[in-house]
Amino acid sequence: MNLKHENKPGLIMNQAIHNSIVNFIWGIADDVLRDVYVRGKYRDVILPMTVIRRLDALLEPSKEKVLGMKKQLDGAGIANQDAALCQASGEAFYNVSLFTLRDLKNRAKQQQLKADFEAYLDGFSPNVQEILEKFKFRNQIPTLIEADILGHLIEKFLDARINLSPKPVQDVDGNELLPALDNHSMGTIFEELIRRFNEENNEEAGEHFTPRDVVKLMADLIFLPVADDIESGTYLVYDGACGTGGMLTVAEERLAELAQSHGKDVSIHLFAQEVQPETYAISKADLLLKGEGAEAENMKYGSTLSSDAFPSQAFDFMLSNPPYGKSWKTDLERLGGKGDIKDPRFVTQHGDDPEYKMLTRSSDGQLMFLVNKLSKMKHTTRLGSRIAEVHNGSSLFTGNAGQGESNIRRWIIENDWLEAIIALPENMFYNTGIATYIWVLTNRKSEERRGKIQLIDATEWFVPLRRNLGKKNCEFSEEHIRAISDLVVNPVETEKSKIFPTEAFGYWKVTVDRPLRLAVDLSPARLEWFERTCAKVKEEPLAKLARRVAETLGAEPHLDFNAFMDVCEADADKHGVKLIAKRKKLLQSELCDPREDPHRC
């Protein structure tokens, strides 16, 4: 299959805008924070300020209306004001301080600026307060004030040449001056900034963000095979390692688009969990910016593995790019350790085993995220559940039969949940160039797929990026995404697509032991070596014993080790030498060689 790709002007423009915004924000960091913060700490200021400016830009037009509503509510003695204030702001959040960022940029006195800026932050609604707390941004204010750079920082973020809002900037006639910056585009920018910040500290970057082309493919893989079966109704979408939340955003948009094209009216609810406080704050902020306040409440902070935020919830569609090669030892200990873990997600009944354990080695927990998703499948609905998850090669090969990784693969295959595995090109992700794979799973396989697993080789389907983003130097074109999705929707065998029965992936590992076979070498050279060794460990009597036995048996290699030891025992008894375990081990290790052909053990 030959796939051609042409660069389109829109894609070039998006990349140009992306680069200009990244460079602009990085320039703020270099211009304002240099000499006050080391580069690796720029993120502690720049990321929360970027989010604050995005929030502020949406709230500016409704500021007076919100303040008027606040005054009216206070006058009426109404305590629960959230809903009314959100209605006044027109967003899922609000700010009841007297200020916008624009009001603060010209404060001459630092202490007044500090007081007013803190009042501005305190004026945000509770859902934004949690975001600010996760960023720990208030901890930075004393440093910014002491260095006299807070006002300069605010002024930079208000530059009219850059729009950080999810809404476009328009002139009085409604013509677009600056394009909107949607959730996933902002996520891409955050990723690039975090990558640059972390390069200064030699830290890992990118584990919380998946490139948009890969996300679009994953969304198509879970939705397109059932697109004709989607009915009007409510659908729940889940990501247990959501990072900045871009994967959920793209999935929501794709499901809504497919439903609309099929004339269906669907309500989509997003659920997610994230353990990194910074990326959790970014993801929750962007849901608020989209006006999805209720969805933001379904965004939970904490570890999916040891502190599942949705223990009794099942979902229609699930997708993730969990961290791979990352230790989950702390989570394992919180769960009680391998010996005492009782979590029904990871210890279940399978086959004849009432306590079938699916616990990977503590150095890599990626498959644990997949097991978590499989525990949240819907089993009583017509569509069941569909899952797409990114893994590296470890999930395919690590673990012997009976070990945790193998038990997980066996559980999946024997339940016939694995639909397809797609091998991706190398260097598709920001933080790794290693081989990666998308696993596609469902508990509602079509008739033609039952008992079968499809393997798709997409490693050669990519177009190069004009400029690398971290280690990412290539991407899928729309044609590539369509070609891969078509192979999953219409499973056929091609040069790049192979279909196997599930039995082809199962195996038993049988260890066949045989007694150790040894040949004894009593040649003069070997005896001299043995004497030197005995002298070093003060075992001269044992060296003399070996000489006497050699005179009895001769120098040729002796293929019966047991017979040799019988002669040694007899000589030891005769000459008063005790053949303790240490001396027997020395005889074996220094005078014997393993042989394949001895006739007796």
Side-chain angles (χ1 to χ4, degrees), residues 48-142 144-145 150-151 153-155 157-158 160 163-170 172 174 180 267 269 280-301:
M49 274 300 297
T50 302
V51 169
I52 288 168
R53 175 53 188 152
R54 276 170 68 75
L55 298 169
D56 183 78
L58 282 184
L59 294 179
E60 274 184 321
S62 62
K63 186 65 178 180
E64 294 304 319
K65 188 175 180 181
V66 170
L67 292 179
M69 176 60 70
K70 174 65 174 170
K71 184 177 181 180
Q72 181 180 338
L73 293 170
D74 287 346
I78 297 175
N80 190 359
Q81 302 180 355
D82 269 19
L85 291 171
C86 285
Q87 186 176 7
S89 72
E91 305 294 341
F93 56 96
Y94 55 85
N95 187 306
V96 294
S97 76
L98 299 175
F99 315 109
T100 64
L101 282 181
R102 210 170 296 279
D103 297 325
L104 300 174
K105 70 174 183 175
N106 294 321
R107 293 288 191 276
K109 295 182 179 180
Q110 287 300 303
Q111 289 308 309
Q112 186 62 51
L113 175 57
K114 179 177 184 291
D116 290 350
F117 187 64
E118 288 176 337
Y120 167 75
L121 295 180
D122 292 343
F124 276 110
S125 49
N127 47 14
V128 176
Q129 294 301 330
E130 184 188 13
I131 293 167
L132 297 176
E133 288 167 10
K134 290 297 184 289
F135 275 127
K136 297 182 173 61
F137 181 55
R138 286 183 174 86
N139 296 348
Q140 307 305 322
I141 296 175
L144 297 172
I145 290 295
L150 179 57
L153 181 69
I154 293 171
E155 186 175 3
F157 270 98
L158 292 170
N163 179 32
L164 297 179
S165 168
K167 293 183 179 179
V169 175
Q170 299 174 328
V172 291
S267 175
H269 296 287
Y280 165 78
I282 292 170
S283 60
K284 187 156 188 172
D286 272 319
L287 283 174
L288 292 178
L289 287 159
K290 289 174 62 187
E292 299 185 357
E295 306 307 316
E297 294 306 309
N298 294 332
M299 176 72 59
K300 303 298 183 181
Y301 174 69

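For clarity, every value in this text was computed on a predicted model and none was experimentally measured.
- Between Ile52 and Val128, the closest side-chain pair of non-hydrogen atoms is not below 4.5 Å.
- Side-chain atoms of Glu118 and Lys114, non-hydrogen and from C-beta on, do get closer than 4.5 Å to each other.
- Taking all atoms of both residues into account, the shortest heavy-atom contact from Ala57 to Ser165 is CB-CB, 3.7 Å.
- Rounding to the nearest 0.5 Å gives a distance of 11.5 Å between CZ of Phe124 and OH of Tyr94.
- Between the CG atom of Leu67 and the CD atom of Gln72 there is a distance of 13.0 Å, given to the nearest 0.5 Å.
- The backbone N or O of Ser89 sits less than 3.5 Å from a side-chain atom of Ser62, completing a donor-acceptor pair.
- At least one side-chain heavy atom of Phe117 sits under 4.5 Å from a side-chain heavy atom of Ile154.
- Between Val66 and Leu59, every side-chain heavy-atom pair lies at or beyond the 4.5 Å cut-off.
- The minimum heavy-atom distance linking Phe93 with Cys86 is given by the pair N-SG, 3.9 Å.
- Considering CG of Asp116 and CG of Leu104, their distance stands at 6.0 Å, rounded to 0.5 Å.
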Can you list, pair by pair, the side-chain donor-acceptor contacts under 3.5 Å of residues 132-142, counting residues two or more places apart and other chains?
unit_1	atom_1	unit_2	atom_2	d
Arg138	NH2	Asp122	OD1	3.0
Arg138	NH2	Gln129	OE1	2.7
Gln140	OE1	Tyr37	OH	2.9

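- Rounded to the nearest 0.5 Å, atoms CG (Asn80) and CG (Leu73) are 9.5 Å apart.
- Two residues are said to be in side-chain contact when any heavy atoms from C-beta on lie closer than 4.5 Å; Asp103 and Tyr120 fail this criterion.
- Under a cut-off of 6.0 angstrom, the local environment of CD in Gln87 is sparse, with at most 12 non-hydrogen atoms contributed by other residues, nucleotides or ligands.
- Contact annotation: the side chain of Arg54 approaches that of Asp286 to within less than 4.5 Å [non-hydrogen atoms, C-beta and beyond].
- Distance NZ/Lys105 to CD/Glu155: 5.5 Å, rounded to 0.5 Å.
- Remark: Glu64 does not engage Lys70 in a salt bridge, criterion side-chain N to carboxylate O under 4.0 Å.
- Nearest approach of Ser283 to Met299, heavy atoms of both residues: OG-SD, 3.5 Å.
- In this structure, Arg53 pairs ionically with Asp56, as a charged nitrogen and a carboxylate oxygen lie closer than 4.0 Å.
- If you take CG on Leu288 and CD on Glu297, they are separated by 8.0 Å, rounding to the nearest 0.5 Å.
- Between the side chain of Lys63 and the main chain of Phe99, a donor-acceptor pair closer than 3.5 Å is present.
- Checked against a 6.0 Å centroid threshold, the rings of Tyr280 and Tyr301 count as neighbours.
- Taking every heavy atom of both residues into account, Leu158 and Arg102 meet most closely at CD1-CA, 3.6 Å.
- What you find for Pro168 and Asn163 is that their closest heavy atoms are CA-ND2, 3.9 Å.
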**Item:** Verdict with reasoning, Val96 to Met69, per side chain to side chain contact (heavy atoms under 4.5 Å, CB included)
**Value:** CA-CA 9 Å; Val96 294; Met69 176 60 70; over 6 Å; no
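- You'll find the side chain of Leu58 reaches within 4.5 Å of the side chain of Pro166, heavy atoms only.
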